[in-house]
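Below is one structure; the comments refer to it alone.
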Amino acid sequence: MKILNFGSLNIDRAYSVENFVKPGETISSLSMETFCGGKGLNQAIACKKAGSDVYMAGKVGADGAVLLSKLKEFDVDTDHVLIEDEEFSGHAIIQIDSVGQNNIILYGGTNRLITRADVDKVLADFEAGDILLLQNEISSLDYIIEKGYEKGMIIALNPSPMDKNLLRCDLGKVSYFIMNEIEAAAISGCRDTDTALEELRKKYPASKIVITLGGDGVKYFDGEKVYTHGIYNVQAVDTTAAGDTFTGYFLNGVLEEMEPMDILSMASKASAIAVSRPGAADSVPTKDEVLSSTLRLK
Ligand code: RIB
């Protein structure tokens with residue numbers, strides 16, 4: 001069984017600011033750093049660091065060599081990352097404030113140039129029973145879901161960032177949802193998380209559902225029971241890629257057939273460690289770091 005992560009690759013420009021810029025305001029940043037990111041790239045590296053073998057598929061531009069070498073640094077297979085020489089890779093402009101919160105503006109670049117023909121070409125190398133991990137930062141997502149399902153692949157979706165394109169996809173084909181409370185509210189139409197989870201279970205009876213709740217931890221319906229887990233106590237430096245780290249560790253835990261509470265504990269700890277460090281993919285901890293961590297629940 002292989003994991004194919006079909007997703008975005010971004011060059012992240014992260015600006016440290018005292019407070020986020022307000023409408024009409026011009027502010028100076030305290031510092032700027034460039035990182036490799038994109039929810040696709042981050043989640044591929046998180047799966048790999050957690051212990052799974054991963055194939056990354058996506059598209060980069062002429063400036064994408066740095067993204068490919070970051071994936072290679074962590075031994076993620078890049079044979080299915082296409083290169084469009086005439087275009088720019090995706091990028092993200094990220095503000096990080098003094099308490100480590102972020103906000104992000106995306107430029108899709110080559111992430112939005114994935115065609116149906118590209119999808120057919122990539123999926124031809126995968127088969128029934130393989131895992132297809134997806135987020136919502138690339139074009140042709142609806143087609144990838146349709147074709148992956150047709151092949152019998154097991155679809156895991158992190159529906160982030162939420163937008164109307166996402167709601168046009170056939171989400172009934174998704175086996176695992178890993179989402180936050182905002183995404184859960186948008187997909188279910190219910191603001192309260194417990195009601196949203198109930199509604200999602202009714203709408204997608206064959207799916208397993210994770211809802212992360214920020215400071216309130218996480219809920220996981222594994223098809224039989226709802227499990228809840230709290231968050232670990234860390235000094236937040238940069239929340240970028242915390243959700244991506246959780247997703248990679250969660251999926252690896254499922255593949256390793258770990259107990260649900262152990263999966264949630266590993267994934268929550270890994271994402272807490274990521275929050276305590278700057279950057280996106282580089283902030284994801286290794287499995288050894290997670291296992292040896294002495295973090296305590298809040
Ligand atoms: O989830 C964090 C990621 O979102 C960043 O790396 C940025 O590139 C955006 O895709």
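When a ligand or atom number is given, it counts from 1 through the structure's own listing order.
Nearest to atom 8 (O) of ligand 1 among the protein's heavy atoms is Asp12 OD1, 2.6 Å. From the protein, the heavy atom lying nearest to atom 3 (C) of ligand 1 is Asn42 ND2, 3.7 Å. For atom 2 (C) of ligand 1, the nearest non-hydrogen atom of the protein is Asp244 OD2, 3.4 Å.
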- Task: Test Asp118 against Thr115 for side chain to side chain donor-acceptor pair (under 3.5 Å), laying out the working first.
- Result: CA-CA 5 Å; Asp118 295 334; Thr115 63; 3.1 Å; yes
- Message: Let's go through Asn10 and Tyr107 carefully: what are the C-alpha distance in whole Å and the side-chain angles of both, what is the deciding distance for side chain to side chain donor-acceptor pair (under 3.5 Å) to 0.1 Å, and is it a yes or a no?
- Response: CA-CA 9 Å; Asn10 289 333; Tyr107 169 73; over 6 Å; no
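Ring geometry, Phe177 versus Tyr204: the interplanar angle falls from 30° to 60°, so the pair is classed tilted.
Between Ser8 and ligand 1 there is no heavy-atom distance shorter than 4.0 Å. The shortest separation from a heavy atom of Leu106 to ligand 1 is under 4.0 Å, placing the residue in contact.
Taking every heavy atom of Ala241 and a limit of under 4.0 angstrom, the matching atoms of ligand 1 come to 2 (C). Taking a cut-off of under 4.0 Å to the non-hydrogen atoms of Gly37, the atoms of ligand 1 that pass are 6 (O), 8 (O). Interface atoms of ligand 1 facing Ala280, defined by a heavy-atom separation under 4.0 Å, are 6 (O).
Between Lys219 and Asp194 there is a salt bridge, with a side-chain nitrogen of the basic residue lying less than 4.0 Å from a carboxylate oxygen of the acidic one.
Under the side chain to side chain contact (heavy atoms under 4.5 Å, CB included) test applied with Lys147, the options Val122, Leu123, Leu132, Asp142 reduce to a single match, Leu123. Checked options Tyr220, Tyr227, Phe221; the residue passing with Val210 is Tyr220 (criterion: side chain to side chain contact (heavy atoms under 4.5 Å, CB included)).
Counting heavy atoms under 4.0 Å from ligand 1, residue Ala92 touches it through the side chain alone. For Leu41, no heavy-atom contact with ligand 1 is shorter than 4.0 Å.
Considering backbone and side-chain N/O atoms, Gly38 comes within less than 3.5 Å of an N/O atom of ligand 1. For ligand 1, the polar-atom distance check against Glu137 finds a nitrogen or oxygen pair separated by under 3.5 Å. Taking only nitrogen or oxygen atoms, main chain and side chain alike, Thr240 does not reach within less than 3.5 Å of ligand 1.
Side chain of Ser175 to main chain of Ile154: no donor-acceptor pair is present (N/O by atom type, distance under 3.5 Å, no hydrogens or angles).
Both the sub-6.0 Å distance and the 45° axial angle are satisfied by Lys2 relative to the ring of Tyr55.
Residues Leu9 and Leu71 have side chains in contact (heavy-atom distance under 4.5 Å, counting atoms from C-beta outward).
Residue nearest to atom 4 (O) of ligand 1, selected from Arg13, Lys39, Gln43: Lys39 (by heavy-atom distance).
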